[in-house]
Amino acid sequence: MPGAEAVLPALAQAALLVLLGPLVSGVIQKLKARLQCRAGASVAQPYRDLAKLLRKGTVQSDTASAFYRAIPPLVLAAVVCAAAMVPVVVLPAAGGFTLGDAILLVGLLALARFLTALGALDAGGAFGGMGASREMTVAPLVEPVLLLVVFSVATAAGTTDLGLIAARRASDPAVWHSPDLLALAAMLVLLLAETGRIPVDNPDTHLELTMIHEGMLLEQSGPGLAAMALASHTKQLVMMAVVGALFFPIGLAPRPEPLLLVPAALAFLGKTAVLALFVGLVESSYAKLRFFRLPQFLGMGFLCAFLALALRVL
Amino acid sequence: MSSPLATALIDYLGALLLFTMIVILGSSQLYRTIYAVAAQSAFLAAAAAVLAIATRNLDLWVIAGITIVVKAVLLPWLLIGVVRRIGVKREIEPVVPTLLTLAIAAGTVVLSFQLAASLGAVRQTVTGNALPVGVALTLLGVLVMASRKTALAQMVGLFACENGIFFTAIAVSQGMPLIIEIGVLLDVVLGALVMGIFVLRVRSSVDADIADLSRLRA
Amino acid sequence: MIGSQSLLSWTFACYGAGAVACLLLRPARRLSVLAGHLGILAGAVLGAALALRVLLRPSAPVEAELPQLLPFVRMSLRLDPLSAFFLLVICLVGAAAAIYGPAYLASHGGAKGGSVRGTVQTVALALFVASMALLVCAADVFSFLFFWEAMTLASWALVVSETDDGEGTRAGLLYVVMAHAGTALLLVAFLVLAERAQAFDFAALRAAGRCLDDSTRTVLFFLALAGFGGKAGVVPLHVWLPRAHPAAPSHVSALMSGVMLKVAIYGIVRFGFDLLAPAAGPLPPAWGWTVLALGTASAVLGILYALQQHDLKRLLAFSSVENVGIILMGLGLAMRLARTGSALSGLATLALAGALLHAANHAAFKGLLFLGAGSVLSRTHERSMERLGGLARRMPWTAWLFLLGAAAIAALPPLNGFVSEWMTFQALLLGGVRLGGSPGLAAAFAASMLALTGGLAAACFVKAFGVTFLGRPRSAHTEKATESPLSMRLGMGLLAAVCLAVGLFPGGVVRLLDGPVRVLIAGPEPSRALTVRGPLVLSSGSAPIGSSISVTGSAALLLAIFAVGAVVFAWPRAAGRRLAPTWTCGVSPQSRFDYTATAFAKPLRLVFAALYRPRRELVRGEGSTTYFLTGLRYAGEVVDLAETVLYARVKHAVATLSRGVRARSTGRIHGYIGYVLLALLATLLLYGRS
């Protein structure tokens with residue numbers, strides 16, 4: 001097979017992201033609990049939740065169409081496919097076969113969101129409609145910011161391929177330039193928006209007036225809900241890995257050799273821990289924004305990304 | 001410290017200054033804007049210190065020190081005291097909708113880059129992005145003043161504008177002469193004191209904000 | 001092997017035979033409609049075969065002379081690769097519409113005015129498709145304008161023949177007025193160029209175009225842009241589109257949206273890159289930036305208005321405005337970058353290939369969506385989404401084909417919409433990098449607006465599919481709906497297969513774009529600039545810069561992981577699966593609890609209220625006190641900004657002017673003779689000196 005030697009590391013990295021995703025969520029909720037002066041559930045609780053859901057039966061709405069059963073595995077497949085495009089510990093070989101670039105990654109995440117929203121509308125009822133409507137309002141406001149951040153970083157590297165961006169920036173003596181500060185600020189806003197964390201959305205609530213992402217999962221149950229939950233954990237870790245690849249591409253192994261992989265894995269864990277700490281602190285310090293203040297919040301992120309691009313280009 | 005390193009550091013500080021400016025433009029809570037302008041003044045003092053090390057100019061150390069003490073600590077403390085006394089924490093609605101303000105800000109920054117490019121070969125102490133960023137900060141400070149309703153928020157805009165002027169001065173010459181800088185700072189302090197007292201007086205007697213007083217009486 | 005010339009004549013003979021057969025067989029209603037559509041199908045198949053032959057084997061273009069109708073007029077046809085590409089698009093959607101048509105007409109127009117309406121619509125359809133096919137092959141001014149008029153009149157006949165209330169008539173009136181205004185501008189542009197060339201065929205016009213001075217060239221280009229742009233549905237000339245496209249029968253709407261707009265794009269491309277191009281050097285940059293700006297505005301405004309519609313076909317019509325905007329963005333960038341030097345020429349190829357591919361993709365998925373909407377309309381007789389719902393269980397084939405079209409138009413991988421948008425994104429990014437400075441920043445801003453429209457399109461089609469097909473049925477008609485007949489499903493299936501094929505094997509399709517791009521701009525061919533590593537991988541630029549994606553590879557990966565996931569997560573388990581009603585706070589679920597289309601789009605209406613200027617009316621009932629209402633009436637409306645800002649004022653000005661002129665007409669003959677004398681004197685003064 002022509003691209004086998006390039007696809008296998010990508011698949012291995014995707015599997016790593018899927019396996020570690022729930023752990024990162026567990027760490028964040030443990031941190032939030034500690035900041036709120038309570039003990040909190042253990043860090044491995046998301047794994048236990050997934051196992052419990054896999055054992056349970058499913059209750060499906062009687063208005064759902066035949067497509068409903070296929071939506072959770074399809075959403076998970078789209079997110080895992082997106083995870084295969086981010087360089088986590090290994091840089092891709094130069095001139096090798098690439099599965100996709102940043103735009104394909106954004107497209108796959110958009111596919112996951114599209115299917116989740118359809119699943120929410122499929123069951124009927126007002127909650128699913130509310131969640132789908134709000135999610136599809138926030139999503140178009142997030143995508144331009146994400147694209148501008150990718151462009152401002154890709155302008156220096158000349159490509160939108162995440163692996164190549166990481167490779168080029170890692171070999172550049174001064175990895176950081178001043179526009180990167182503004183782009184990082186915009187990217188952190190995006191991290192909160194795409195992973196559905198405060199101040200954009202509250203992942204812990206189940207009140208219909210305050211939720212966006214959770215609202216779309218109300219009618220899912222059993223293994224389907226496990227697939228959707230695993231998809232959202234993985235998506236969170238994918239976004240963190242994208243932040244690492246774009247802005248902190250240090251410590252990535254140039255070749256998949258065991259001696260180079262160990263420090264690379266440690267570097268990845270370190271970066272993820274810092275980002276998890278950031279997310280946990282923000283979730284504990286701020287309140288959720290009113291829904292119609294979100295455009296202003298995202299507008300600030302857009303302005304940061306636009307100015308980053310302007311500083312780089314002008 | 002070598003010149004390229006100083007230039008790079010001042011570039012970074014310029015980006016941080018722009019970030020705090022965006023926070024001032026986009027946030028609707030008064031506390032947040034005051035903290036942002038305090039942070040902005042601190043970054044500005046750091047830039048002055050960097051330039052002082054690079055050019056070995058003692059005046060700049062003094063200016064950096066005064067900026068930290070006055071604009072990063074004293075004036076924000078004063079403003080927060082006034083805010084706490086009045087009890088208003090959040091602006092209800094700015095004069096110009098926030099999204100429009102952000103769009104105008106984007107256009108302003110692009111405009112200031114064009115302006116800096118068209119100025120031609122200006123003899124700059126610090127090359128790179130510092131001059132356009134300084135011009136942009138000044139204009140954005142005026143934009144904050146024009147788009148806010150409450151007098152306190154307009155004061156914040158004035159501080160930001162002065163920060164911008166000072167950063168431009170850092171970029172073009174080696175900061176302004178000490179006398180001028182102290183004079184400008186005194187003006188700003190005086191303006192802040194007058195505004196603070198005025199707002200408190202007006203609020204306590206009329207129970208309305210200055211921005212609501214818009215009709216002249218014979 | 002049949003020669004290309006005879007293939008060309010056979011193609012149009014089939015269209016003609018279809019129309020004639022339909023007229024002759026009028027008494028046998030169903031047979032006449034069937035015969036007509038068979039003729040159209042045969043013509044479309046032959047035309048597609050011809051177009052593929054011209055595209056795949058780049059030899060000398062096919063030329064033919066048409067019979068001489070008027071003494072001094074020589075009409076000729078010339079099928080070069082650019083014309084062949086658009087001919088392929090026309091024939092593809094034409095074939096799908098021809099397969100779909102008979103069953104649709106039978107079920108839909110059956111009751112009232114049956115046979116006359118069916119015959120008229122079939123003959124007009126044959127005329128419509130044939131005139132569009134002849135239009136893209138036209139090689140001189142007369143044939144171009146003749147077939148342009150024929151296309152407008154045939155589509156007008158189709159628009160007004162469908163609905164019985166005044167809606168079709170009013171829509172047709174607006175359509176024909178705006179089309180003729182555009183044609184007038186085109187006439188001016190063509191005639192000025194023909195006067196310079198002293199001949200009417202395109203080769204002479206091309207030679208004359210090379211020698212024009214810059215200001216004349218720019219004026220002519222903007223005239224042509226206005227004329228073709230009105231037909232293509234560019235903001236602000238798009239106001240006829242949302243009225244005319246929904247009023248026509250659905251397969252005709254598919255052709256109008258999918259193909260007629262692309263014929264107008266063909267006109268812009270032919271004028272901008274071919275006829276008016278300077279002899280050497282780049283095109284004036286003002287052209288490129290204007291087209292890019294118009295494209296961005298059309299894309300954003302089109303999808304914003306599409307979001308607020310609750311009529312399914314009107315939503316699809318506005319979405320066509322958006323996609324034309326995306327095509328124009330690619331074209332504008334290509335105009336800016338063409339022939340500026342070796343570094344940028346590869347990017348111009350990329351942008352142009354992306355725009356042309358998006359034109360073809362849009363024809364495929366918009367055609368599919370309109371055919372699906374027609375299928376729904378013919379079964380439920382409801383056009384408003386607020387009275388549909390739950391159709392996925394009653395019309396499964398239509399639902400899944402519509403879902404494919406919706407996913408394609410939302411630019412989701414691995415379908416064809418994503419491929420062309422990816423190419424446009426790459427062109428904007430790499431073009432921005434190379435241009436640098438404020439032009440680069442403008443290109444990046446345009447790219448962010450393209451991302452915004454992509455997100456909004458996804459939201460719009462979640463709403464369209466979700467409210468129409470999912471949830472509970474909201475009216476009695478919808479509850480009793482059944483699946484549409486096989487021929488309608490086959491028509492939709494054809495276009496769905498095209499969407500899938502182009503999405504999964506993009507590298508192969510890029511080879512078809514070689515010919516058209518080579519005709520328009522000199523530079524590397526798309527198959528060399530885009531597919532560096534074979535047919536399954538798309539790459540932009542070449543190493544060390546540029547990115548590559550493998551949509552096929554990621555689709556294969558997606559399928560593999562889905563299979564694994566389906567086994568792990570969706571396999572039937574011992575714990576079982578049971579059905580239960582949706583939780584609606586303890587009340588028995590009704591269709592009133594489902595989110596309506598208006599409700600779904602309301603948050604976006606509030607976010608973009610500055611652009612929408614929504615009107616809202618809240619009327620309390622009679623005898624209501626402050627706290628106790630006897631009734632409440634709410635009406636909300638979003639009116640197209642172009643209509644309120646532009647057209648209302650233009651109408652007002654024209655009406656004022658007309659009243660003023662009417663006041664001047666005295667009714668006495670002396671006044672009129674005086675006017676004639678004045679006009680004569682003025683003409684002599686202006687043109688008398690030579």
Side-chain angles (χ1 to χ4, degrees), chain A residues 56-63 65-66 69 72-74 76-78 80-81 84 95 98-101 103-104 107-108 110-111 114 117-118 121-126 129 132-134 136-137 139-140 143-144 147-148 151 154-155 158-161 219 223-224 226-227 292 295 309-310 313-314, chain C residues 390 392-393 396 410 412-413 418 422 425 429 433 436-437 440-441 444 447-448 451-452 454-456 458-459 462 465-466 470-472 543 545-550 553-554 557-558 561-562 565-566 569-570 573 575-584 589 593-595 599-600 603-604 606-607:
Chain A
K56 290 197 161 201
T58 317
V59 178
Q60 184 175 307
S61 163
D62 53 6
T63 50
S65 61
R69 287 182 71 164
L74 212 50
L76 183 61
V80 173
C81 204
T98 42
L99 204 53
D101 66 344
I103 301 179
L104 186 56
L108 283 167
L111 177 66
F114 184 81
L118 284 183
L121 285 172
D122 205 355
S133 156
R134 289 181 188 165
M136 300 313 281
T137 306
E143 286 198 8
L147 203 80
L148 273 186
F151 270 25
T155 306
T159 170
T160 50
D161 187 310
E219 292 295 328
F292 288 108
L309 193 61
V313 166
L314 290 174
Chain C
R393 301 180 72 150
L412 298 176
F418 178 75
W422 184 85
F425 272 129
L429 166 67
V433 168
L441 199 61
S448 71
L452 177 68
L456 288 173
V462 165
F465 182 76
L470 303 176
R472 283 183 190 77
I545 82 161
S547 2
S548 57
I549 58 168
S550 168
S554 55
L557 186 62
L558 198 66
I561 303 178
F562 169 65
F569 293 103
R573 283 191 154 65
R577 165 183 293 261
R578 66 181 175 94
L579 296 176
T582 314
W583 173 249
T584 43
F593 292 141
D594 291 351
Y595 245 52
F600 193 92
L604 280 166
L606 289 174
V607 169

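Chain letters run A, B, ... following the sequence lines, proteins first, then strands; residues in each count from 1. Just so you know, these numbers come straight off a predicted model, no measurement behind them.
Contact of A:P295 with chain C is made through the side chain alone, with heavy-atom distances under 4.5 Å. For A:L99, the parts sitting under 4.5 Å from any heavy atom of chain C are the backbone and the side chain alike. For A:L147, the part sitting under 4.5 Å from any heavy atom of chain C is the side chain, from C-beta outward, and nothing else. Neither the backbone nor the side chain of C:P589 comes within contact range of chain A; no heavy atoms are under 4.5 Å apart. With a threshold of 4.5 angstrom between heavy atoms, A:A139 does not approach chain C through any atom at all. Heavy atoms closer than 4.5 Å to chain C are found in the side chain of A:F292, but not in its backbone. With a threshold of 4.5 angstrom between heavy atoms, C:F600 approaches chain A through its backbone and through its side chain.
Of the listed residues C:A392, C:G390, C:S554, C:P396, the one with more heavy-atom pairs under 4.5 angstrom with chain A than any other is C:S554. Top candidate by heavy-atom pairs under 4.5 Å with chain C, chosen from A:L309, A:D101, A:T155, A:L148, is A:D101.
Judged by distance alone, the side chain of A:S61 and the main-chain N or O of C:P581 form no donor-acceptor pair under 3.5 Å.
Partners of A:S65 by side chain to side chain donor-acceptor pair (under 3.5 Å), not counting sequence neighbours, listed by chain and number: A:D122. Every salt bridge (charged side-chain N to carboxylate O under 4.0 Å, His left out) that C:D594 has, sequence neighbours left out, goes to C:R472.
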